[in-house]
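To keep things clear, I will list the structure first and then write my remarks on it.
Just so you know, these numbers use all the heavy atoms, side chains as well, and skip hydrogens, waters and symmetry mates.
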Amino acid sequence: MSNPVLTEIREIVLNKLGLNFLEKQEKELYAKIGAASKGFNFNNTDEFINWLINQPLTPAQTEKLATYLTIGETYFFREKKALDFLEFKYLPDLIGKRKGKGQHLKIWSAGCASGEEPYSVAILLKHVIPDIENWDITILATDINAAFLEKARAGVYSKWSFRGIPESFKTNNFEKIENEKFRINGAIKEMVTFSYLNLASGPYPSINNIYNTFDVILCRNVLIYFSHKGIKTVTSKLYSSLADEGVLLVSPVETSDLISPKFNRLSYKGVTIYMKDPKNTSTIKSTPVKSTTIKYPQKQIHSITSKSTIRHFEKPTPKPLKTLDVKIPPLPIPKVPNKIPDKKKAIERSDYQKVLALYKAGLYNEVEKSVNKAIKNNNQDCKSSILLLARVKANKGQLDESEKLCLHAINIDKVDAKAHYLLATVQSEQGKINEAIKSLNNTLFLEPDFALGHFLLGNILSNNGGGGLNKSKQHYRNALKSLAKLKHDDILAESDGLTAGRLTHIINSLDK
């Protein structure tokens with residue numbers, strides 16, 4: 001595909017969806033367009049691109065295209081420091097002012113994905129406001145991806161959405177249903193209204209609709225997909241959608257001078273909060289306005305996720321571990337041969353690619369059936385099949401089964417760095433921090449330039465404090481060194497589509 005055509009596709013995606021794919025990301029965009037072409041029933045990607053260029057999209061087609069180009073990976077109480085600001089500082093102050101004087105709150109989750117964020121806010125409000133039934137509460141949640149909104153409205157989640165959350169959290173706010181799924185309580189579900197909105201072109205703010213005078217707007221992990229101009233435009237509209245002294249929360253990696261300079265910037269535990277200044281009536285200037293930094297006191301107060309209700313998210317500081325331990329006992333997984341006859345290899349590769357395509361399309365039940373059948377019939381490479389099935393189990397929230405499959409694959413090939421890394425990600429989600437660190441040490445012993453391994457280990461050490469903070473920074477630097485050897489748009493192995501350039505940006509935002 002020629003560069004001029006890809007440039008035109010990037011412009012279509014930018015104008016229609018507000019999603020900014022850089023020139024260095026054309027490879028990533030082409031892969032996603034390829035997946036979309038199948039969903040639009042085209043025989044190949046080039047035919048679909050030609051159709052996109054020459055055919056105006058209907059609103060329904062635009063929504064459908066968005067489902068292939070956006071990422072909705074999230075979980076409950078993500079980026080907790082920002083939610084701590086709401087729980088411990090902003091909401092108590094606001095609730096105190098409005099107590100007995102028009103008791104109302106209005107909150108918007110802009111880019112809500114599959115709903116974990118707005119439901120987290122609803123749970124937080126029920127904790128902060130004892131007499132919440134006497135308050136007029138509005139929680140609006142919007143997204144450009146219609147498929148995400150359907151999942152959010154259903155309110156059913158797998159264990160994957162509860163990473164790092166104790167069991168008691170699920171017990172108090174969810175009911176367990178079939179196949180290790182959990183449905184959010186009806187009272188919490190009724191607090192949230194979901195709606196489609198394209199932040200790049202949607203009708204907001206307006207006195208004729210609900211998109212105005214919000215007390216809180218959460219727009220986290222959304223702005224990274226906009227162009228510089230798009231960030232300025234969207235955040236200016238979000239500013240106008242806030243009530244006086246309302247606040248905008250963005251992800252730490254999105255904090256930048258591109259956000260509308262009308263906002264006052266506040267600092268809370270290292271997190272930047274953007275507040276609407278009712279006295280600031282100036283138009284947007286081309287250069288950022290220097291704003292006042294307010295340091296809120298570090299209060300010793302129990303969190304909604306602290307030991308007073310459920311265990312705090314923080315894990316104990318891990319003990320030093322050995323770098324490599326390959327004495328992993330066999331597990332009770334279906335027996336499969338360690339080697340496949342050479343005459344079957346061509347068939348195996350072809351079959352595996354078909355199953356891999358099903359996995360990338362998110363058809364996990366089909367993948368599980370195909371892999372189990374292939375393993376039973378000895379038609380595929382044993383280790384690759386088991387690891388693919390481990391991924392499926394992890395994505396379905398069946399972490400214990402996923403861990404067993406990873407260990408079994410490692411027992412077959414003890415020097416597969418990617419298998420150790422997958423095991424580490426599963427153990428991390430299970431809260432098995434020491435085990436995860438051990439698996440990551442194994443990964444990096446076998447493959448020292450494994451950027452994602454350094455990144456995950458850096459995150460774990462940083463989040464657990466203690467003596468791990470300096471070590472975490474070293475792992476971030478090691479990851480950057482490894483990423484510098486790659487092209488910006490190279491997709492990282494084991495990352496489900498993350499590019500080297502994007503991970504570099506994330507690490508540079510964290511390692512300060």
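- Not a single donor-acceptor pair under 3.5 Å links the side chain of His408 to the backbone N or O of Cys406.
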Step-by-step side chain to side chain contact (heavy atoms under 4.5 Å, CB included) determination, Asn441 to Leu457: CA-CA 8 Å; Asn441 283 333; Leu457 186 51; 3.9 Å; yes

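- Side-chain atoms of Ser472 and Gln474 include no donor-acceptor pair closer than 3.5 Å.
- Looking at Lys276 and Glu245, no side-chain N of the basic residue comes within less than 4.0 Å of a carboxylate O on the acidic one, giving no salt bridge.
- Judged by distance alone, with hydrogens and angles left aside, the side-chain atoms of Thr138 form no donor-acceptor pair with the main-chain N or O of Lys106 at under 3.5 Å.
- Between Ser260 and Lys232 there is no side-chain heavy-atom pair separated by less than 4.5 Å.
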Side chain to side chain contact (heavy atoms under 4.5 Å, CB included) evaluation trace for Tyr421 with Leu456: CA-CA 9 Å; Tyr421 174 77; Leu456 179 57; 4.1 Å; yes

Working for side chain to side chain contact (heavy atoms under 4.5 Å, CB included), residues Leu83 and Leu218: CA-CA 10 Å; Leu83 297 181; Leu218 300 100; 4.1 Å; yes

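- Using modelled atom types, one side-chain atom of Thr425 and one backbone atom of Leu422 make a donor-acceptor pair closer than 3.5 Å.
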Apply side chain to side chain donor-acceptor pair (under 3.5 Å) to Thr142 and Trp108, showing your working. CA-CA 8 Å; Thr142 65; Trp108 178 14; 3.0 Å; yes

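- Proximity of a side-chain donor or acceptor of Asp131 to a complementary backbone N or O of Asn134 within less than 3.5 Å is not detected.
- Figure legend: Lys189 and Tyr119 shown without cation-pi pairing, the cationic atom not lying both under 6.0 angstrom from the six-membered ring centre and within 45 degrees of its axis.
- Residues Asn459 and Tyr476 have side chains that bring a donor and an acceptor to within less than 3.5 angstrom of each other.
- Between Phe174 and Phe76, the ring center distance clears the sub-6.0 Å criterion.
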Evaluation steps, side chain to side chain contact (heavy atoms under 4.5 Å, CB included), between Thr272 and Leu266: CA-CA 6 Å; Thr272 299; Leu266 318 178; over 6 Å; no

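- Results of the side chain to side chain contact (heavy atoms under 4.5 Å, CB included) test with Val250 over Leu238, Leu223, Val271 single out Leu223 as the only residue that passes.
- Ion pairing of Lys432 with Glu403 is present here, as a side-chain N (NZ or NE/NH1/NH2) and a carboxylate O approach within less than 4.0 Å.
- Leu249 is listed as a side-chain neighbour of Leu86, based on a closest heavy-atom distance under 4.5 Å.
- A ring pair (Phe, Tyr, Trp, His ring centres under 6.0 Å) with Phe182 holds for exactly one of Phe169, Tyr157, Phe162; it is Phe162.
- A distance of 6.0 Å or more separates the ring centres of Tyr268 and Tyr90.
- With salt bridges taken as basic N to acidic carboxylate O contacts below 4.0 Å, one links Lys89 and Asp93.
- Side-chain contact check for Glu116 versus Arg78: every heavy-atom pair is 4.5 Å or farther apart.
- Judged purely by atom type and a 3.5 angstrom limit, Tyr239 uses its side chain to pair as donor or acceptor with the backbone of Asp277.
- Listed for the Thr504 side chain is a donor-acceptor partner under 3.5 Å among the backbone atoms of Ala500.
- In this structure, Ser439 contributes its side chain and Glu435 its backbone to a donor-acceptor pair below 3.5 Å.
- At a threshold of 4.0 Å, the pair Arg98-Asp215 counts as salt-bridged, since one of the basic side-chain nitrogens sits closer than that to a carboxylate oxygen.
- Within the 4.5 Å cutoff, the side chain of Leu125 has heavy atoms near those of the Ile139 side chain.
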